[in-house]
Asks: 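Quick one: the structure is below, and I'll ask about it shortly.
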Amino acid sequence: MTSELQDKDGTLERLPIDVVIMAAGKGTRMKSRLPKVLQPLGGRPLLHHVLDTARALQARQAVVITGHGAMEVEAACSMDTRAESPLTISFVRQEPQLGTGHAVQQAVPALADDGVVVILSGDVPLTRPATLFHLITACAGEKLALLTLQMPDPAGYGRIVRAGTGVDGEVLAIVEHKDATPEQQAITEIYSGIMAVPAAQLKRWLARLDNSNAQGEYYLTDVVKFAVADGVPVVAHRIDDAVQVTGVNSPLQLAQLERAYQLQQAHRLMDEGVRLADPARFDVRGDLLCARDVSIDVNCVFQGQVNLGEGVSIGANCVIANAVIGAGTVIHPFTHIDGENLGVTVGAGALIGPFARLRPGAHLGAEVHIGNFVEVKNSTLAKGAKANHLAYLGDATVGERVNYGAGSITANYDGANKHRTVIEDDVHVGSNCVLVAPITLGAGGTVGGGSTVTKNTPAGALTVARGKQVSIPNWSRPKKLPKA
Ligand code: UD1
Ligand code: CA
């Protein structure tokens with residue numbers, strides 16, 4: 001809620017932080033129906049990342065300025081299920097969009113005079129909170145603090161104009177690219193789009209903006225010249241990590257930021273001891289929690305909430321969503337696990353795949369084996385159960401040590417309703433069986449290969465439900481008739 005600053009007497013001064021997020025722009029170059037700030041990065045809208053930043057700053061509130069796709073953007077803000085701590089979010093509409101200064105003008109009624117305003121953009125997702133704390137400290141509740149960046153190719157950006165020729169001269173103005181003289185265009189220090197400014201001052205300066213410039217827009221960046229005129233110090237906090245201030249304007253930039261974001265996650269996990277075969281071929285679109293000695297081969301994608309237990313090994317090309325995988329389990333290549341709403345759990349020491357598919361509500365006990373081309377949906381398999389090849393288990397309860405043969409399926413759907421199949425402990429289901437649910441196979445029983453089982457089977461019995469094999473001795477095949 002507050003920033004802590006030592007004032008001259010050494011006492012703590014607590015300043016509330018109000019974050020303003022500009023999110024009204026159209027994002028024409030995305031060529032998408034989805035508003036730009038809702039395009040996903042790491043599986044979540046860009047704007048959610050910016051709201052996370054506001055949370056990390058412990059902001060008193062975030063004021064989101066919406067315009068293009070306003071209804072959709074506003075609705076999306078309240079749907080952030082992964083938000084860990086609450087944040088007071090309010091919205092103001094900017095219609096039409098007359099520039100960044102005009103955007104922030106719309107937020108004025110939502111801003112109390114006692115705070116520091118931190119201005120962010122909804123399409124700049126990877127700013128580190130530590131950087132913003134620096135900026136807020138530089139503002140110190142009384143200065144205008146700008147986040148700036150040295151850029152070899154500054155075309156398009158606002159330039160930081162300083163007194164004298166050095167890089168540390170007093171900041172005099174931000175001049176937009178289109179308004180800059182050739183000398184100013186040669187300046188390589190640019191304004192990132194992010195500032196921290198005392199609210200009361202900001203309001204006074206916003207009231208003085210005009211649009212007499214090359215683009216006919218109300219430039220937020222003009223507040224710098226008003227600060228200079230009012231004798232308010234303007235300070236620049238210069239960083240060299242462009243990713244933190246890079247915005248998304250095109251699909252290419254979105255993909256580049258996605259790689260940067262994924263690399264950050266890969267590095268963080270590797271710092272925690274996770275072994276990634278290649279940090280450049282690894283994607284987490286959600287939260288991945290790993291215990292010790294987890295190894296992950298190339299081209300794996302993790303979505304939603306995924307927990308990997310100690311010593312879990314994930315083969316190449318797996319997609320795993322909303323699942324909890326027990327210690328020591330091996331997931332072989334090309335396995336697809338998606339727990340969606342019901343989740344998937346896999347016990348310790350299981351072997352899954354290659355080419356396995358675990359769907360919502362698959363709950364597997366310890367040491368279960370699920371082999372190639374086996375699909376499991378809404379079923380529990382107890383310890384040591386095995387389905388090793390080409391099989392389907394849907395809406396089934398499978399006991400311990402059950403062996404489920406190749407090509408067997410639960411016929412769980414009668415065209416109108418789904419029914420359960422219960423396979424008790426130690427049952428052996430042969431190959432190519434159809435278990436027509438609802439049905440229970442008694443403990444320790446055996447079902448002969450090729451059976452279509454429609455009635456419950458007794459414990460311990462051999463059940464065969466198929467045409468009896470007959471052989472006709474000395475059978476002579478029909479002969480071809482002579483031509484007429
Ligand atoms: C702005 C800065 C420029 C800086 C650059 C950094 C101004 C005048 N210029 O440039 O100095 O180098 O950011 O990226 O501020 N938006 C609205 N309403 C509007 C206009 C924009 O909400 O009327 C939003 C956009 O959706 C975007 C953000 O403000 O999220 C920045 O707008 P953008 O057009 O990208 O900024 P520039 O003018 O290019
Ligand atoms: Ca821009």
Side-chain angles (χ1 to χ4, degrees), residues 19-30 32 34-39 41 45-47 49-51 53 62-70 72-74 91-107 118-127 144 146-151 153-161 171 173-180 184-185 187-195 197 202 205-206 209-226 234 236 238-239 242-250 253-254 257:
V19 169
V20 171
I21 302 173
M22 295 188 287
K26 188 159 185 208
T28 314
R29 284 197 282 149
M30 290 306 295
S32 171
L34 192 65
K36 179 166 76 169
V37 295
L38 299 186
Q39 300 286 336
L41 180 91
L46 291 169
L47 183 55
H49 293 269
V50 183
L51 291 168
T53 307
V63 183
V64 182
I65 300 158
T66 61
H68 280 283
E72 216 178 325
V73 171
E74 289 164 14
F91 301 99
V92 293
R93 294 272 177 99
Q94 185 202 14
E95 274 154 358
Q97 290 82 39
L98 304 177
T100 53
H102 178 252
V104 180
Q105 278 173 347
Q106 312 310 306
V118 175
I119 294 175
L120 304 175
S121 290
D123 58 356
V124 179
L126 298 183
T127 317
L144 171 57
L146 308 172
L147 187 64
T148 72
L149 187 84
Q150 203 68 45
M151 262 203 171
D153 176 17
Y157 289 96
R159 308 299 207 283
I160 304 293
V161 179
V171 176
I174 298 173
V175 177
E176 292 305 306
H177 182 89
K178 286 184 179 148
D179 299 285
Q184 289 168 335
Q185 289 195 358
I187 296 171
T188 52
E189 185 183 4
I190 61 106
Y191 171 55
S192 66
I194 295 172
M195 65 171 71
V197 49
L202 175 67
W205 297 329
L206 286 174
L209 295 180
D210 65 51
N211 65 352
S212 51
N213 52 53
Q215 302 183 79
E217 286 182 7
Y218 294 87
Y219 289 165
L220 176 61
T221 44
D222 280 349
V223 299
V224 175
K225 69 184 184 207
F226 298 138
V234 181
R238 192 164 53 229
I239 59 169
V243 163
Q244 289 196 54
V245 299
T246 301
V248 171
N249 295 301
S250 66
Q253 285 172 338
L254 182 60
L257 268 198

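Values below: every heavy atom of this structure, side chains too, minus hydrogens, waters and symmetry copies. Positions are given from 1, in the same order as the sequence printed here. Atoms within each ligand, like the ligands themselves, are counted from 1 in listed order.
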Asks: Between the side chains of K178 and N213, is a donor N or O closer than 3.5 angstrom to an acceptor N or O?
Replies: no
Asks: For ligand 1, is D123 a contact, meaning one of its heavy atoms is under 4.0 Å away?
Replies: yes
Asks: Looking at D123 and V37, what are the two nearest heavy atoms and their distance?
Replies: N-CG1, 3.9 Å
Asks: Counting only heavy atoms closer than 4.0 Å, does ligand 1 sit against the backbone of V245, its side chain, both, or neither?
Replies: neither
Asks: Could you tell me whether ligand 1 has any atom less than 4.0 Å away from a heavy atom of T221?
Replies: yes
Asks: With respect to G25, determine whether any N or O atom, backbone or side chain, lies less than 3.5 Å from an N or O atom of ligand 1.
Replies: yes
Asks: Using a plain distance cutoff, I'd like to know if I65 has any nitrogen or oxygen under 3.5 Å from a nitrogen or oxygen of ligand 1.
Replies: no
Asks: On a heavy-atom basis, I'd like to know which of G158, G99, A103, G101 is closest to atom 23 (O) of ligand 1.
Replies: G99
Asks: For V224 and Y191: C-alpha separation, side-chain torsions, deciding distance, then whether side chain to side chain contact (heavy atoms under 4.5 Å, CB included) applies.
Replies: CA-CA 11 Å; V224 175; Y191 171 55; over 6 Å; no
Asks: Quick one: list whatever passes salt bridge (charged side-chain N to carboxylate O under 4.0 Å, His left out) with E217, sequence neighbours left out.
Replies: none
Asks: Given E176, Q215, K26, identify the one with the heavy atom nearest to atom 10 (O) of ligand 1.
Replies: E176
Asks: Nearest heavy atom to atom 18 (N) of ligand 1: which of Q94, E217, Q105 does it belong to?
Replies: Q94
Asks: Do Q253 and T246 get their side chains close enough for a donor-acceptor pair, meaning under 3.5 Å?
Replies: no
Asks: Suppose I only count heavy atoms of T100 and a 4.0 Å limit; which atoms of ligand 1 are within that range?
Replies: 7 (C), 8 (C), 15 (O), 20 (C), 21 (C), 29 (O), 31 (C), 32 (O)
Asks: Give the atoms of ligand 1, by number and element, whose distance to some non-hydrogen atom of Y219 is under 4.0 Å.
Replies: 8 (C)
Asks: D210: which residues meet the side-chain hydrogen bond (donor to acceptor under 3.5 Å, both in side chains) condition with it, sequence neighbours left out?
Replies: S212
Asks: Looking at CG of L206 and CG of L220, how far apart are the two atoms once the value is rounded to the nearest 0.5 Å?
Replies: 6.5 Å
